[in-house]
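In what follows, a single structure is set out as structure tokens and then discussed.
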Amino acid sequence: MTTTSTSSSSALPAAAAPVVRTGVAGRLFRAVVSAHTVAAFGQPVFAGVFLSGAIGGLAWHARGADLVFSLGLLQTAAGIAASVRMRRLWPGAVSLLVVAAETVQYMAGLAGALWLHLPLGVTIIAALTVLFVAAWARPLPGGRPHE
């Protein structure tokens, strides 16, 4: 004789947890972080063009620095908005730290202090890469939960 036992947990479907979706502030933050990361990755390329003998590479590197810094400021604004909306500190705080490092790097580049400019550039690109992964790894709450 076989007995079938059904427990209440297997007989009833589990209550579906609400799906958390990324809100508008989170999507904006992701977009700006993505653009900022791509622009920052272009900077060593432009420096390499200059170091390989193309004099125009330095102008590209300078314009790229302006773009990267501007995107850093935009990212900081988007990060603060995302922090307020998501009630999490990291988007605004990390963005502010990155733009502070970019400010120091910008000034070191203008002063020709390559001993600081180069390692700080590597550090900024590494930080932006980690931030990019953190921003895209899972939903950034802020939108309404959907079922």
Side-chain angles (χ1 to χ4, degrees), residues 7 9-147:
S7 67
S9 64
S10 64
L12 297 174
V19 176
V20 178
R21 297 207 175 147
T22 301
V24 174
R27 288 193 302 269
L28 176 65
F29 179 68
R30 282 179 174 171
V32 176
V33 167
S34 298
H36 191 193
T37 303
V38 168
F41 268 90
Q43 283 301 91
V45 174
F46 298 147
V49 169
F50 171 67
L51 292 174
S52 66
I55 210 70
L58 187 58
W60 289 2
H61 188 66
R63 291 305 134 298
D66 294 339
L67 176 66
V68 169
F69 186 71
S70 297
L71 286 170
L73 294 175
L74 189 60
Q75 178 184 311
T76 301
I80 291 169
S83 288
V84 168
R85 187 77 175 122
M86 294 173 6
R87 295 186 181 114
R88 291 200 166 73
L89 184 62
W90 70 266
V94 173
S95 296
L96 192 58
L97 288 172
V98 167
V99 85
E102 286 176 346
T103 302
V104 171
Q105 180 180 15
Y106 196 101
M107 295 302 144
L110 289 175
L114 297 181
W115 62 269
L116 178 60
H117 186 73
L118 293 174
L120 193 53
V122 172
T123 304
I124 290 167
I125 288 175
L128 283 171
T129 301
V130 171
L131 184 59
F132 175 85
V133 171
W136 283 96
R138 56 191 128 127
L140 299 174
R144 294 180 305 180
H146 298 288
E147 296 196 28

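Note that these values count all heavy atoms, side chains included, but never hydrogens, waters or copies made by symmetry.
Among all heavy-atom pairs drawn from S83 and P91, the shortest one is OG-CD, 3.5 Å. Residue L116 comes nearest to A108 through the heavy atom pair CD2-CB, 3.9 Å, listed as atom of the first residue, atom of the second, then distance. Heavy atoms only, all atoms of each residue included: A39 and L67 are closest at CB-CD2, 4.1 Å. Taking both residues in full, the closest heavy atoms of A35 and L71 are given as O-CD1, 3.7 Å, listed atom of the first, atom of the second, then distance.
Separation of atoms CD (Q43) and CZ (R63) is listed at 10.5 Å; rounding is to 0.5 Å. Summarising the geometry, atom OH belonging to Y106 is positioned 13.0 Å from atom CD1 belonging to I124; distances are rounded to the nearest 0.5 Å. Separating the CG atom in L120 from the CH2 atom in W115 is a distance of 10.0 Å, to the nearest 0.5 Å. Here CG of L140 is found 8.5 Å from CZ of R88. Values are rounded to the nearest 0.5 Å.
Among pairs with a residue in residues 121-140, those fulfilling side chain to side chain donor-acceptor pair (under 3.5 Å) read S34-W136, at least two apart in sequence or across chains.
Using bins of under 30°, 30° to 60° and over 60° for the plane-to-plane angle, the ring pair F46/W60 lands in the perpendicular bin.
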Residues E102, L128; criterion side chain to side chain contact (heavy atoms under 4.5 Å, CB included); working and verdict: CA-CA 11 Å; E102 286 176 346; L128 283 171; 4.2 Å; yes

Step-by-step side chain to side chain contact (heavy atoms under 4.5 Å, CB included) determination, H36 to V98: CA-CA 11 Å; H36 191 193; V98 167; 3.9 Å; yes

Evaluation steps, side chain to side chain contact (heavy atoms under 4.5 Å, CB included), between F29 and Q75: CA-CA 7 Å; F29 179 68; Q75 178 184 311; 4.2 Å; yes

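Side-chain atoms of T37 never come within 3.5 Å of backbone atoms of F132 as a donor-acceptor pair (strictly under, hydrogens ignored). Here the side chain of S95 pairs no donor or acceptor atom with the backbone of G92 at under 3.5 angstrom.
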